[in-house]
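By convention in this document, chain letters (A, B, ...) are assigned in the order of the sequence lines, proteins followed by strands, and residues within each chain are numbered from 1.
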Number of protein chains: 2
Amino acid sequence: MRRSSAQGVLYGQTVANVAGIANSDLECMDILYLEGRVTAGRLAEVTGLTTGAITGVVDRLEKAGLVRRERDENDRRKVFIAVVPEAAMKIGQFYVPMQQAMEKVFNTYSDEELRLLLRFATEGYKGVLAATEALKGLLDTPPEKRPDLKLKKLRQP
Amino acid sequence: MRRSSAQGVLYGQTVANVAGIANSDLECMDILYLEGRVTAGRLAEVTGLTTGAITGVVDRLEKAGLVRRERDENDRRKVFIAVVPEAAMKIGQFYVPMQQAMEKVFNTYSDEELRLLLRFATEGYKGVLAATEALKGLLDTPPEKRPDLKLKKLRQP
DNA sequence: AATATATATCTTAGTCACTAAGAGAATTAG
DNA sequence: CTAATTCTCTTAGTGACTAAGATATATATT
């Protein structure tokens with residue numbers, strides 16, 4: 001799974017490269033695609049970038065015509081970022097090979113097996129979130145007070 | 001799964017941050033951990049960075065005492081990069097929360113279910129590799145000659 | 001053996017995304 | 001109605017990255 005993840009990152013890098021946008025720009029497009037219309041601040045949160053960096057990201061994406069800035073009329077400090085669907089499609093094209101490849105894989109499983117995989121995906125995500133929280137906790141603990149955690153050796157493949 | 005992947009990337013960013021090394025430095029450590037002793041060129045291949053960038057990565061990692069350069073005696077152009085296990089352990093510590101979280105998830109599955117998950121992980125990885133190849137093929141085809149690929153709309157969660 | 005070509009890493013100059021700190025504008029609290 | 005807070009943007013400076021070419025070793029050709 002770690003290998004898949006790493007390869008997936010590479011895939012994204014290639015797409016960003018071809019689309020002529022920066023890596024984190026594409027990451028933001030991904031978030032916008034998953035979450036819909038979000039504020040600049042939320043993008044900063046989710047990506048782990050500073051708000052200053054996000055300004056740059058959105059500037060570039062807007063210039064490329066991929067997103068639009070929309071001021072919130074209720075709270076005029078906020079800036080919503082919304083994808084421009086037609087333009088975003090052009091980038092989406094590059095994910096077709098990935099979708100097709102994964103579809104092929106998924107097609108080899110029965111409905112019941114797919115349900116298991118879905119459960120695992122959901123629980124796994126919760127696990128990763130929990131791990132992130134635990135990591136933060138670990139970092140707030142001064143090193144000498146940390147429980148002596150042992151890293152398990154993984155078997156070499 | 002995409003969410004897990006994105007969150008996993010964030011996790012790695014945090015670890016790199018705390019460990020005081022750059023993101024791609026950590027990525028290289030990961031590869032070294034998975035593949036063992038590899039050449040600088042291989043690192044470039046796997047990470048998608050230029051060889052020049054890898055020189056920088058290895059310089060930083062070596063200065064931090066995390067890896068060692070070892071010249072291949074059979075082919076003295078090659079430089080093997082090898083992790084220094086003791087030093088790498090300190091970074092490994094930060095992955096303990098992730099390991100524990102995932103172990104907790106895996107513990108909720110029977111052996112048979114785990115076999116299914118393993119099969120999926122393996123096939124999924126092959127799928128991602130295949131997708132990468134397909135993407136390269138797509139890029140070698142001039143845009144007007146590309147088959148009209150339709151991106152499937154994913155259901156919003 | 002000598003020259004040419006290929007392979008592997010490193011060097012250099014320049015670019016661009018990122019951070020930190022703080023400014024500006026709008027909102028909420030006292 | 002001033003003060004504190006929230007949200008985005010601006011600015012200056014940093015550092016990892018690329019492209020192109022240098023260096024060193026290995027392999028192929030005549």
> Does a salt bridge link B:Glu112 with B:Arg115, judged by any charged N lying under 4.0 Å from a carboxylate O?
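No, B:Glu112 and B:Arg115 are not salt-bridged.
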> Among C:dT9, C:dA17, D:dC17, which is the nearest nucleotide to the side chain of B:Ala40?
C:dT9
> Tell me whether the OP1 or OP2 atom of C:dC10 has a side-chain N or O from B:Arg69 closer than 4.0 Å.
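Affirmative; the distance criterion is met.
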> Atom CD of A:Glu70 and atom C1' of D:dC7: how far apart are they, to the nearest Å?
17 Å
> Does B:Asp72 pair with B:Arg37 as a salt bridge, N-O distance under 4.0 Å?
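The answer is no: the pair does not qualify as a salt bridge.
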> Using whole Å, what does the distance between atom P of nucleotide D:dT6 and atom NZ of A:Lys78 come to?
12 Å
> Which comes earlier along DNA chain C counting from the 5' end, the contact point of A:Arg60 or that of B:Arg71, where each point is its nearest nucleotide?
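Closest to the 5' end, via its nearest nucleotide, is B:Arg71.
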> Hey, is the side chain of B:Thr50 poking within less than 4.0 Å of OP1 or OP2 on D:dT18, counting only N and O atoms?
yes
> Tell whether A:Thr39 reaches the base of D:dC7 with its side chain through a donor-acceptor pair below 3.5 angstrom.
no
> Checking only heavy atoms, does the side chain of B:Arg77 share a donor-acceptor pair with the base of C:dT7 at less than 3.5 Å?
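Such a pair is found, so the answer is yes.
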> So what does A:Ala53 touch, heavy atoms closer than 4.0 Å: a base, only the sugar-phosphate, or nothing?
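Base, at least one base heavy atom under 4.0 Å.
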> Considering only NZ, NE, NH1 and NH2 on the basic side and carboxylate oxygens on the acidic side, decide whether A:Asp25 and A:Lys63 come within less than 4.0 Å.
no
> Should the side chain of B:Ser24 and the base of D:dC17 be counted as holding a donor-acceptor pair, with the cut-off at 3.5 Å?
no
> Provide, to the nearest angstrom, the distance between the CG atom belonging to B:Asp75 and the P atom belonging to C:dT9.
9 Å
> Would you call the rings of A:Tyr109 and B:Phe120 parallel, tilted or perpendicular, where under 30° means parallel and over 60° means perpendicular?
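Aromatic pair A:Tyr109/B:Phe120 classed perpendicular.
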> Grab the CG-P distance between A:Leu43 and D:dC7 for me, whole Å please.
14 Å
> From the list C:dA26, D:dC9, C:dT19, which nucleotide is the closest neighbour of the side chain of A:Leu49?
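From the listed options, C:dT19 comes nearest.
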> Counting any heavy atom closer than 4.0 Å, what does A:Gly41 reach on the DNA or RNA strands: base, sugar-phosphate only, or nothing?
sugar-phosphate
> Within less than 4.0 Å of OP1 or OP2 of D:dA26, is there a side-chain N or O belonging to B:Arg76?
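No, no such contact exists.
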> Starting from P on D:dC17, measure out to CD1 on B:Ile54 and report it in whole angstrom.
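For the pair B:Ile54 CD1 and D:dC17 P, the rounded distance is 8 Å.
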> Nearest whole Å is fine: how far is C:dC16 P from A:Asn23 CG?
16 Å
> Could you state the atom-to-atom distance from CG of A:Asp72 to C1' of D:dT8 in whole Å?
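Distance check: A:Asp72 CG to D:dT8 C1' gives 13 Å.
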> Do A:Glu73 and A:Lys78 sit within salt-bridge range, that is, some charged N less than 4.0 Å from a carboxylate O?
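Result for this pair is no, no salt bridge flagged.
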> For D:dT6, take OP1 and OP2 only and decide whether either is under 4.0 Å from a side-chain N or O of A:Arg42.
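For D:dT6, neither OP1 nor OP2 has a side-chain N or O of A:Arg42 closer than 4.0 Å.
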> Regarding B:Asn74, tell me which of base, sugar-phosphate or nothing describes its non-hydrogen contacts under 4.0 Å with the strands shown.
sugar-phosphate
> What is the distance, rounded to the nearest whole Å, between atom CG of A:Asn17 and atom P of D:dA19?
8 Å
> Does A:Arg68 come within less than 4.0 Å of A:Glu62, counting only side-chain N to carboxylate O?
no
